[in-house]
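Please read the structure below before turning to the comments.
Here, residue 1 is the first one in the sequence, and each next residue gets the next number.
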Amino acid sequence: MPKKLKRYYGRGDLHFLTFSCYRRLPLLRTVRARNLFVQALGKIRERYSFLLVGYVVMPEHVHLLISEPPKVTPSVVLKALKQRVSRDMRKNKRRVSEAQLRLPFMSADAGLSRFWQPRFYDFNVYSRRKKREKLEYMHANPVNRGLVRNSGAWMWSSYLFYEKGERGLVPIDPVD
């Protein structure tokens, strides 16, 4: 990722955020890992009171479309979310095989030293057209990657909320 990313906060825009697992390894490839992520997302959302407009959790990266929280920046939210997910994954690793969490270059007893790539990509979403574009991009991601045949088959996204009005794993806040 570029080193000198500019962040534009305080404008009231939505933020399209993209962040990846360490070295883009598929650390979110299991149902359990993706479920743990969305549970953590729900808790962080409650703590910081931001609107969650859309999301998709992929095996090696995540896209979120969120509002700016009232008291902190999206950077603070993502830091807390990443820390929560990595902590919860380590805490619950007894229920997951060590091979699932261990990075390929680490020794057997080293465990997981890093879960996330540092930094993240942030794009200010300033119009309805851009919001729709980002939601369509997110929701098509699992299909484009060959994980499912249609977007509705991927549980770890906001697609079914927008397509059928169904409550998914994390409640969505529709914003015009």
Taking distance alone, no hydrogens or angles, what donor-acceptor pairs closer than 3.5 Å link side-chain atoms of residues 70-77 to residues at least two apart or in another chain?
unit_1, atom_1, unit_2, atom_2, d
T73, OG1, S75, N, 3.3
T73, OG1, V76, N, 3.3
S75, OG, Y9, OH, 2.6

Any salt bridge linking K43 with E46? Criterion: basic side-chain nitrogen under 4.0 Å from a carboxylate oxygen. no

Lys/Arg N to Asp/Glu carboxylate O, R45 vs D173, below 4.0 Å: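 Between D173 and R45 there is a salt bridge, with a charged N closer than 4.0 Å to a carboxylate O.
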
Answer with yes or no after comparing the ring centroid distance for W116 and F19 against a 6.0 Å cut-off, counting only values under it. yes

Decide side chain to side chain contact (heavy atoms under 4.5 Å, CB included) for L78 and L64; before the verdict, give the C-alpha distance in whole Å, the side-chain angles of both, and the deciding distance to 0.1 Å. CA-CA 10 Å; L78 272 196; L64 301 177; 4.0 Å; yes

If hydrophobic clusters are built from ILVMFWY residues whose side chains come within less than 4.5 Å, do [X] and [Y] share one?
| X | Y | answer |
| --- | --- | --- |
| Y159 | V31 | no |
| M89 | V57 | yes |
| L160 | L169 | no |
| M58 | V143 | yes |

To the closest 0.5 Å, what do you measure between [atom1] ([X]) and [atom2] ([Y])?
| X | Y | atom1 | atom2 | value |
| --- | --- | --- | --- | --- |
| I66 | D13 | CD1 | CG | 12.0 Å |
| S127 | E133 | OG | CD | 8.0 Å |
| N124 | H15 | CG | NE2 | 4.5 Å |
| K134 | R129 | NZ | CZ | 10.0 Å |
| Y162 | S151 | OH | OG | 14.0 Å |

Are W154 and N141 close enough that a side-chain donor and a side-chain acceptor fall under 3.5 Å?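 There is no such pair (donor and acceptor under 3.5 Å, judged by atom type) between the side chains of W154 and N141.
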
Side-chain heavy-atom pair [X], [Y] within 4.5 angstrom cut-off:
| X | Y | value |
| --- | --- | --- |
| L81 | I44 | yes |
| V175 | S67 | no |
| N35 | W156 | yes |
| M138 | L65 | yes |

Compare every heavy atom of A40 with every heavy atom of V85, then report the nearest pair and how far apart it is. CG2-CB, 3.7 Å

Could you tell me which non-hydrogen atom of P59 sits nearest to which non-hydrogen atom of L147, and how far apart they are? CD-CD1, 3.7 Å

Who are the side-chain contact (heavy atoms from CB on, under 4.5 Å) partners of A153, not counting sequence neighbours?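 With neighbours one apart ignored, the set is V148, N150.
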
Residue set satisfying side-chain contact (heavy atoms from CB on, under 4.5 Å) with P174, at least two apart, ordered chain then number -> F161

Where the side chain of R34 meets the backbone of R29, is there a donor-acceptor pair that is under 3.5 Å apart?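 At least one qualifying donor-acceptor pair exists.
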
Would you say the side-chain atoms of K82 pair up with the backbone N or O of R119, donor to acceptor, closer than 3.5 Å?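 Judged by distance alone, yes, a pair lies under 3.5 Å.
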
Please report the C-alpha distance between C21 and Q117 in whole Å, then the side-chain angles of each, then the deciding distance to 0.1 Å, and finally whether the side chain to side chain contact (heavy atoms under 4.5 Å, CB included) criterion is met. CA-CA 5 Å; C21 294; Q117 277 294 112; over 6 Å; no

Which pairs of donor and acceptor atoms, one on a side chain in residues 48-55, lie under 3.5 Å apart (sequence neighbours left out)?
unit_1, atom_1, unit_2, atom_2, d
Y55, OH, S157, O, 3.4

What pairs meet the salt bridge (charged side-chain N to carboxylate O under 4.0 Å, His left out) rule with one or both residues in residues 138-150, with sequence neighbours excluded? E60-R145

F123 atom CZ, over 12 foreign heavy atoms within 6.0 Å: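 Enclosed: over 12 neighbouring heavy atoms sit under 6.0 Å from CZ of F123.
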
Within 6.0 Å of NZ in K130, more than 12 heavy atoms from elsewhere: yes

Would you check, one step at a time, whether the test side chain to side chain contact (heavy atoms under 4.5 Å, CB included) holds for T18 with V62? CA-CA 6 Å; T18 302; V62 176; over 6 Å; no

Name all residues meeting the ring-ring contact (aromatic ring centres under 6.0 Å, His included) criterion together with H61; count only those two or more places apart in sequence or in a different chain, and write none if there are none.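 In terms of ring-ring contact (aromatic ring centres under 6.0 Å, His included), with neighbours along the sequence ignored, H61 is linked to H63.
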
